[in-house]
**Q** 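Take this structure first; my questions come after.
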Amino acid sequence: MTTTATFQQPDVQGYYGNFGGAYIPEMLYRNVEDLRTKYLDIMHETSFQKEFRDLLKDYVGRPTPLFLAQRLSNLHHTNIYLKREDLCHTGAHKINNAIGQVLLAQRLGKKRIIAETGAGQHGVATATVCALKGIECIVYMGVKDIERQAPNVARMKMLGAKVVPATSGSQTLKDATNEAIRDWINNPIDTHYIIGSVVGPHPYPDMVARFQSVISEEIRWQLKEHTGSELPTHVMACVGGGSNAAGAFYHFLDELSVQLLAVEAAGHGVNSGMSAATTQLGKSGVLHGSKSLVMQTDDGQVVEPHSISAGLDYPGIGPLHAHLFESGRGTFLSATDDDALTAAFELSKLEGIIPALETAHALSALHQIKWTEKDVVVLCLSGRGDKDLATYMKAM
Ligand SMILES: *Cc1c(COP(=O)(O)O)cnc(C)c1O
């Protein structure tokens, strides 16, 4: 046992430095406390680990490849490896967490899964795993998002999930979150609420980071096979709530020689009023159950974010990332909508890989760094671009 604080581990109250904790209504206390006291024991059970690992291998298709992108590397005069989360079943990293939480919910004796979704990616991952396990699945989604994201709504329904429209407020993600929380309060005994990123009250940020940490666990041994060393000089990832970045950073957080580069969505530009660059614009505040950096007005009203990519269109950031930013352990960059589109077309032509728009933000930020020939960069290719084809077609 070590008493040294690490970046990996929040304290017992769930704080990473000044950020984290559990800010929840009293009616949710029992549910969250039940999860908090049991999640680590369950995750460490041999039978849990075996089932989780077997599904990651045989159902998700892990390990995902670590690919030396030669033509992209030549362009930047350095060495760039892509961690291919786009090759996961359902097309992105979110399934790693959905599997972990469904298996955990079963061991907590839960019979019903609820989730909220904005773009529908987390909803699809959750509905997929619930179908696999034969568990009832209810996904809350804003009415506006249901209209905007018709293919994902169809996918969830085909997978047997019930999609419940959230009709209040702005009829988007935050309203869907409110509906899901209301459901959880009303069904405390039999229901588990699956959060899709490293956000929410403790223990969610830590739990989700642990489920996604398989990404950096694989990067270490795969990089050793490629280069002889487990440590890259840089790890890069896009950040919405921050789960693919947390997974890609996790086993490097306390390796201080490894630079961690997180890329946020600048929308129309950081100072345009149409952005989702939380660390650049946000102030300390409470959002969705934890204290973190939040985009807000002077009197604390949450600002509506904007990004061309639905997965980065979030006014907050997980508490781990707020801590990485405040402590200087992480470097935070941003890319605009247009930058991301350009980078998506660039990668497609250079490597034959069409990335998700979210990932394209991280790819764009490659242009913001002066690389050397000695650098070894691992970029988390969080998802594939099929879901973004309509946007790409408009941009052609
Ligand atoms: C949801 C999503 C993201 C953003 O979520 P994080 O929790 O920040 O990882 C990034 N990329 C893809 C492909 C996504 O689907």
Side-chain angles (χ1 to χ4, degrees), residues 64 82-98 100-101 115-126 128 145 149 151-152 155 173 194-200 204-205 207-216 235-250 260-265 276-279 288 290 292-293 305 307-322 324-325 330 332 334-335 340 343-344 347 353-365 379-389 391:
T64 59
L82 302 176
K83 181 58 174 162
R84 300 290 308 274
E85 295 301 293
D86 60 316
L87 296 178
C88 289
H89 178 44
T90 70
H93 65 290
K94 286 197 175 72
I95 189 104
N96 303 325
N97 170 55
Q101 286 202 50
E116 89 289 325
T117 197
Q121 296 300 109
H122 172 53
V124 169
T126 303
T128 298
D145 291 331
Q149 311 289 340
N152 275 342
R155 282 186 188 105
L173 179 61
I194 299 195
I195 294 181
S197 190
V198 285
V199 300
Y204 280 97
M207 181 170 68
V208 177
R210 285 169 188 262
F211 287 138
Q212 293 292 1
S213 72
V214 65
I215 299 173
S216 49
V235 182
M236 284 183 90
C238 64
V239 176
S243 68
N244 88 88
F249 293 170
Y250 197 86
L260 309 175
L261 306 176
V263 185
E264 297 181 303
T278 305
T279 58
H288 298 150
S290 63
S292 191
L293 292 169
S307 167
I308 192 171
S309 69
L312 304 185
D313 199 355
Y314 184 67
I317 189 169
L320 164 64
H321 295 291
L324 293 178
F325 174 73
F332 284 70
S334 67
L347 186 76
I353 298 170
I354 299 175
L357 259 170
E358 290 82 3
T359 317
H361 289 73
L363 291 161
S364 169
L379 188 146
C380 185
L381 204 80
S382 57
R384 57 178 174 243
D386 308 32
K387 69 182 179 57
D388 299 310
L389 215 60
T391 310

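Counting starts at 1 for both ligands and their atoms, in listed order. All figures in this text were calculated on a predicted structure; none of them were measured in a lab.
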**Q** Is it the case that Tyr314 and His288 place a side-chain donor and acceptor less than 3.5 Å from each other?
**A**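 Yes, a side-chain donor-acceptor pair sits under 3.5 Å.
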**Q** Which residues pass the side-chain hydrogen bond (donor to acceptor under 3.5 Å, both in side chains) test with Arg384, not counting sequence neighbours?
**A**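 Arg384 satisfies side-chain hydrogen bond (donor to acceptor under 3.5 Å, both in side chains) with no other residue.
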**Q** For atom 6 (P) of ligand 1, grab the closest protein heavy atom and report residue, atom and distance to one decimal in Å.
**A** Ser243 N, 3.3 Å
**Q** Go through ligand 1 atom by atom and flag the ones less than 4.0 Å from a non-hydrogen atom of Ser197.
**A**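 Numbered from 1, ligand 1 contributes 6 (P), 7 (O).
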**Q** So if I count the atoms of ligand 1 from 1 in the order they appear, which ones are less than 4.0 Å from some heavy atom of Gly383?
**A**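 In order of numbering, the contacting atoms are 13 (C).
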**Q** For Gln212 and Asn96, which I'm curious about, is there any donor-acceptor pair between the side chains at under 3.5 Å?
**A**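 Looking only at side-chain atoms, Asn96 and Gln212 do form a donor-acceptor pair, the distance falling under 3.5 Å.
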**Q** Counting distance only, does the side-chain N/O of Thr126 pair as donor-acceptor with the main-chain N or O of His122 below 3.5 Å?
**A**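 Pair found, side chain donor or acceptor close to backbone of His122.
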**Q** Which atoms from ligand 1 have a heavy atom of Gly240 less than 4.0 Å away?
**A** 8 (O)
**Q** Of all the non-hydrogen atoms in the protein, which one sits nearest to atom 4 (C) of ligand 1, and at what distance?
**A** Gly311 O, 3.3 Å
**Q** So, Lys94 and Glu85, do they make that salt bridge, N to O below 4.0 Å?
**A** no
**Q** Does Glu358, backbone or side chain, put an N or O under 3.5 Å from an N or O of ligand 1?
**A** no
**Q** Can you find an N/O atom of Ser382 closer than 3.5 Å to an N/O atom of ligand 1?
**A** yes
**Q** Looking only at the side chains, is there a donor atom on one of Thr279 and His321 sitting less than 3.5 Å from an acceptor on the other?
**A**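 Thr279 vs His321: no donor-acceptor pair found between side chains.
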**Q** In ligand 1, which numbered atoms sit nearer than 4.0 Å to a non-hydrogen atom of Val239?
**A** 8 (O)
**Q** Is the contact between Lys94 and ligand 1 made by the side chain, the backbone, both, or neither, using heavy atoms and a 4.0 Å cut-off?
**A**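 Side chain only.
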**Q** Is it true that Gln212 lies under 4.0 Å from ligand 1, counting heavy atoms only?
**A**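 The answer is no, since Gln212 has no heavy atom less than 4.0 Å from ligand 1.
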**Q** Counting heavy atoms only, which part of His93 comes closer than 4.0 Å to ligand 1: side chain, backbone, both or neither?
**A** side chain
**Q** Do Leu293 and Phe325 come within less than 4.5 Å of each other through their side chains, counting heavy atoms only?
**A** yes
**Q** Under 3.5 Å between some N or O of ligand 1 and some N or O of Gly242?
**A** yes
**Q** Hey, which atoms in ligand 1 end up nearer than 4.0 Å to a heavy atom of Ala356?
**A** 13 (C)
**Q** Counting both backbone and side chain atoms, is some N or O of Asn244 under 3.5 Å from an N or O of ligand 1?
**A**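 N/O-N/O distance below 3.5 Å exists for this pair.
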**Q** Please tell me whether Ser382 and Thr359 have a donor and an acceptor in their side chains that are separated by less than 3.5 angstrom.
**A**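 Their side chains do contain a donor-acceptor pair, which is all the 3.5 Å distance test asks for.
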**Q** If the cut-off is 4.0 Å to any non-hydrogen atom of Cys238, which atoms of ligand 1 fall inside it?
**A** 10 (C)
**Q** Between the side chains of Ser290 and Ser292, is a donor N or O closer than 3.5 angstrom to an acceptor N or O?
**A**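 No pair is found: no donor N or O on one side chain lies under 3.5 Å from an acceptor on the other.
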**Q** State, with a plain yes or no, whether a side-chain heavy atom of Leu357 is found less than 4.5 Å away from one of Thr391.
**A**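 The answer is yes; the side chains approach within 4.5 Å.
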